[in-house]
Amino acid sequence: NLQDTTAIMSVVLKQGGFQNGGLNFDCKVRRESVDPEDIILGHVAAMDCYALGLRKAAAMQQAGELDSMLQARYASWQTGSLGRKISNGQATLEECAEY
């Protein structure tokens, strides 16, 4: 699924790529077959999906739209007093309930 591989590869890119190791995926063939060619084609299709997910994730990061939307969405965690207190681990449950 392209949406999942794009999300996964976006995290990989944000972490600076593969430092050691790689992907461990279990691809499924589209029919009940244990034919070696079907299994190979399933792996190739999965690798292609991850490759396209990597390209999409890189394009999203270069555009910066997702990061700017997330910064705008959670801006109060940096500017609001309650958000800062929660981030710093200083807020109480009572303060959160009152908010």
Side-chain angles (χ1 to χ4, degrees):
N1 161 320
L2 182 58
Q3 290 81 10
D4 289 344
T5 59
T6 302
I8 290 166
M9 296 311 286
S10 180
V11 171
V12 169
L13 288 175
K14 285 184 180 191
Q15 293 177 342
F18 294 116
Q19 302 303 315
N20 52 25
L23 295 173
N24 182 12
F25 63 91
D26 180 23
C27 64
K28 306 285 189 272
V29 293
R30 292 289 176 212
R31 57 187 177 275
E32 298 298 322
S33 173
V34 292
D35 182 56
E37 184 177 349
D38 289 339
I39 294 171
I40 289 171
L41 291 174
H43 280 82
V44 169
M47 287 186 279
D48 282 349
C49 192
Y50 271 102
L52 183 55
L54 176 61
R55 293 178 70 172
K56 297 281 187 186
M60 283 176 25
Q61 286 188 4
Q62 287 175 352
E65 291 180 31
L66 183 60
D67 288 336
S68 64
M69 287 189 303
L70 286 172
Q71 286 177 352
R73 170 67 177 94
Y74 295 104
S76 67
W77 288 80
Q78 303 302 318
T79 59
S81 63
L82 181 62
R84 267 196 309 258
K85 286 176 83 173
I86 292 172
S87 292
N88 295 332
Q90 299 170 339
T92 66
L93 289 175
E94 290 79 19
E95 289 174 302
C96 293
E98 287 176 18
Y99 184 77

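In what follows, every heavy atom counts, from backbone to side chain, and hydrogens, waters and symmetry copies are set aside. Remember, it's a predicted structure, so these values are computed and weren't measured experimentally.
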Please examine the side chains of [Y] and [X], heavy atoms only from C-beta on, and report whether any two atoms are closer than 4.5 Å.
X: Glu95; Y: Lys85; value: yes
X: Lys14; Y: Asp67; value: yes
X: Arg84; Y: Trp77; value: no
X: Cys96; Y: Ile86; value: yes
X: Tyr74; Y: Leu70; value: yes

Check whether any side-chain N or O of [X] sits under 3.5 Å from a backbone N or O of [Y] as a donor-acceptor pair, and report yes or no.
X: Gln62; Y: Ala59; answer: no
X: Asn1; Y: Gln3; answer: yes
X: Gln61; Y: Ser10; answer: yes

Is there a chain of hydrophobic side chains (I, L, V, M, F, W, Y, each step under 4.5 Å between heavy atoms) that links [X] to [Y]?
X: Met60; Y: Leu54; result: no
X: Leu41; Y: Leu52; result: no
X: Leu66; Y: Val11; result: no
X: Val44; Y: Leu2; result: no

Distance in Å, Leu82 CG paired with Glu98 CD, rounded so as to fall on 0.5 Å steps: 10.0 Å
Exercise: identify the closest heavy-atom pair between Gln19 and Gln15: NE2-O, 3.7 Å
More than 12 heavy atoms of other residues, nucleotides or ligands under 6.0 Å from [atom1] of [X]: yes or no?
X: Leu93; atom1: CG; answer: no
X: Glu65; atom1: CD; answer: no
X: Phe18; atom1: CZ; answer: yes

